A.B. asks: 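The structure that follows is given in the form of structure tokens.
Computed from heavy atoms alone, side chains included, the values below leave out hydrogens, waters and symmetry copies. Numbered from 1 within each chain, the chains take letters A, B, ... in sequence-line order. As the structure is a prediction and not an experimental result, all values here were calculated from the model.
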Amino acid sequence: MCFGNLTPQLASIQYSLADKVTESDDFRRLERVGGVDISFSVDNKAVAAAVVLELKGLEVIETKTLETELFFPYIPGFLGIREVEPSLSVLNTLKHDFDVLMVNGHGIMHPRGFGLASHVGVLRDCPTIGVAKRLIDERYINVATQRHHAEDQFLISKNGCVIGAFFRGKYVSVGHRISLKTALNVVERTSIFKTPEPIRQAHLLATETFKNILEERG
DNA sequence: GCGACAG
DNA sequence: ATCTTGTCGC
């Protein structure tokens, strides 16, 4: 009901956890990429979906879905609070492991440096990449960067520090345990369409599953 | 009064 | 995010 009142405390938690985020490649191999996404309706009933695919060939080797419910409202800057638990839950049902995970939402390119992708990465302690269609708030972006918005690819910095990049129509940033350079490389290598395959497949799966559940009930 | 606020 | 029809183009 009045979860909005918790934002000050939640923001404090995000600041603390943001300190745990690392931005260097912290994994042995890079062969399998995971993807996670959540589909939901106005009543917050939801379906979380996770996929694992081979980086080489982009073949999906495993898919899992989880019927659930979201208990925290959507508040810009706090998407992580809303979606991290279902995301971690569905990921835990996967039999196959992955080397890096792609998440539908920002990583450190966030007001407090801790978006959904970072929540998932730090809490699960795995490499994650944040991919989003839009910025949370342009006020956090350098004026200099905005001037280059016409270009199709550029780095985005905040207070003189690079926090992510605009790449092929998407905003990409480090979630955890990976460098922006590698993150961009993974996004590039998994892009067949505008949306990278890991999150695209996860999104399709979540949406389809949710739709089926709804109609098999009326 | 109104200003591009992830999904 | 989701709700929806047509439409443009390969």
A.B. asks: I want to check one thing: is the phosphate of C/dT2, taken as OP1 and OP2, less than 4.0 Å away from some side-chain N or O of A/His203?
C.D. replies: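 So the side-chain polar atoms of A/His203 do come within 4.0 Å of the phosphate oxygens OP1 or OP2 of C/dT2, strictly under.
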A.B. asks: Run the side chain to side chain contact (heavy atoms under 4.5 Å, CB included) test on A/Leu55 and A/Arg32 for me, step by step, so that the C-alpha distance in whole Å, both residues' side-chain angles and the decisive distance to 0.1 Å come before the verdict.
C.D. replies: CA-CA 5 Å; A/Leu55 187 53; A/Arg32 288 177 177 174; over 6 Å; no
A.B. asks: May I have the distance from A/Phe114 (atom CZ) to B/dA6 (atom P), rounded to whole angstrom?
C.D. replies: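 It is 19 Å, rounded to the nearest whole Å.
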A.B. asks: Return the value, rounded to whole Å, for the distance between atom CG of A/Leu70 and atom C1' of C/dT2.
C.D. replies: 13 Å
A.B. asks: Hey, does the side chain of A/Ser41 come within less than 4.0 Å of C/dA1's phosphate (OP1/OP2), counting only N and O?
C.D. replies: no
A.B. asks: Classify A/Gly77 by what it touches in the nucleic acid, base, sugar-phosphate, or nothing, heavy-atom distance under 4.0 Å.
C.D. replies: base
A.B. asks: Just how far, in rounded Å, is C1' of B/dG7 from CZ of A/Arg134?
C.D. replies: 10 Å
A.B. asks: Describe, in one word, how the ring planes of A/Phe154 and A/Phe166 are oriented to each other, choosing from parallel (under 30°), tilted (30 to 60°) and perpendicular (over 60°).
C.D. replies: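 Parallel: the ring planes of A/Phe154 and A/Phe166 meet at under 30°.
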A.B. asks: Using only side-chain N and O atoms of A/Ser39, determine if any of them is under 4.0 Å from OP1 or OP2 of C/dT2.
C.D. replies: yes
A.B. asks: Rounded to the nearest Å, what distance is computed from the CG atom of residue A/Asn104 to the P atom of nucleotide C/dT2?
C.D. replies: 10 Å
A.B. asks: Got a sec: does the NZ of A/Lys45 have more than 12 other heavy atoms crowding it under 6.0 Å?
C.D. replies: no
A.B. asks: Using whole Å, report how far CZ of A/Arg112 lies from P of B/dA6.
C.D. replies: 13 Å
A.B. asks: Between C/dA1 atom C1' and A/Tyr74 atom OH, what is the distance in whole Å?
C.D. replies: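 A/Tyr74 atom OH is separated from C/dA1 atom C1' by 9 Å.
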A.B. asks: Looking across every strand, which nucleic acid part, if any, lies under 4.0 Å from A/Phe78 by heavy atom: base, sugar-phosphate, or nothing?
C.D. replies: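 Base contact - A/Phe78 has a heavy atom under 4.0 Å of at least one base atom.
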A.B. asks: For A/Glu188, is there an ion pair with A/Arg168 - N to carboxylate O distance below 4.0 angstrom?
C.D. replies: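 Between A/Glu188 and A/Arg168 there is a salt bridge, with a charged N closer than 4.0 Å to a carboxylate O.
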A.B. asks: Whole angstroms only, please: what is the CG-P distance between A/Leu135 and B/dG3?
C.D. replies: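 Taking CG of A/Leu135 and P of B/dG3, I get 18 Å after rounding.
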A.B. asks: Send over the distance from A/Gln14 CD to B/dA6 C1', rounded to a whole Å.
C.D. replies: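 Rounded to the whole Å, the gap is 12 Å.
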A.B. asks: Give a yes/no on whether any side-chain N or O of A/Lys211 is located under 4.0 angstrom from OP1 or OP2 of C/dT2.
C.D. replies: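 The answer is no; no side-chain N or O of A/Lys211 sits under 4.0 Å from OP1 or OP2.
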A.B. asks: Does the ring of A/Phe40 carry A/Arg82 above it, NZ/CZ under 6.0 angstrom from centre and within 45° of its axis?
C.D. replies: yes
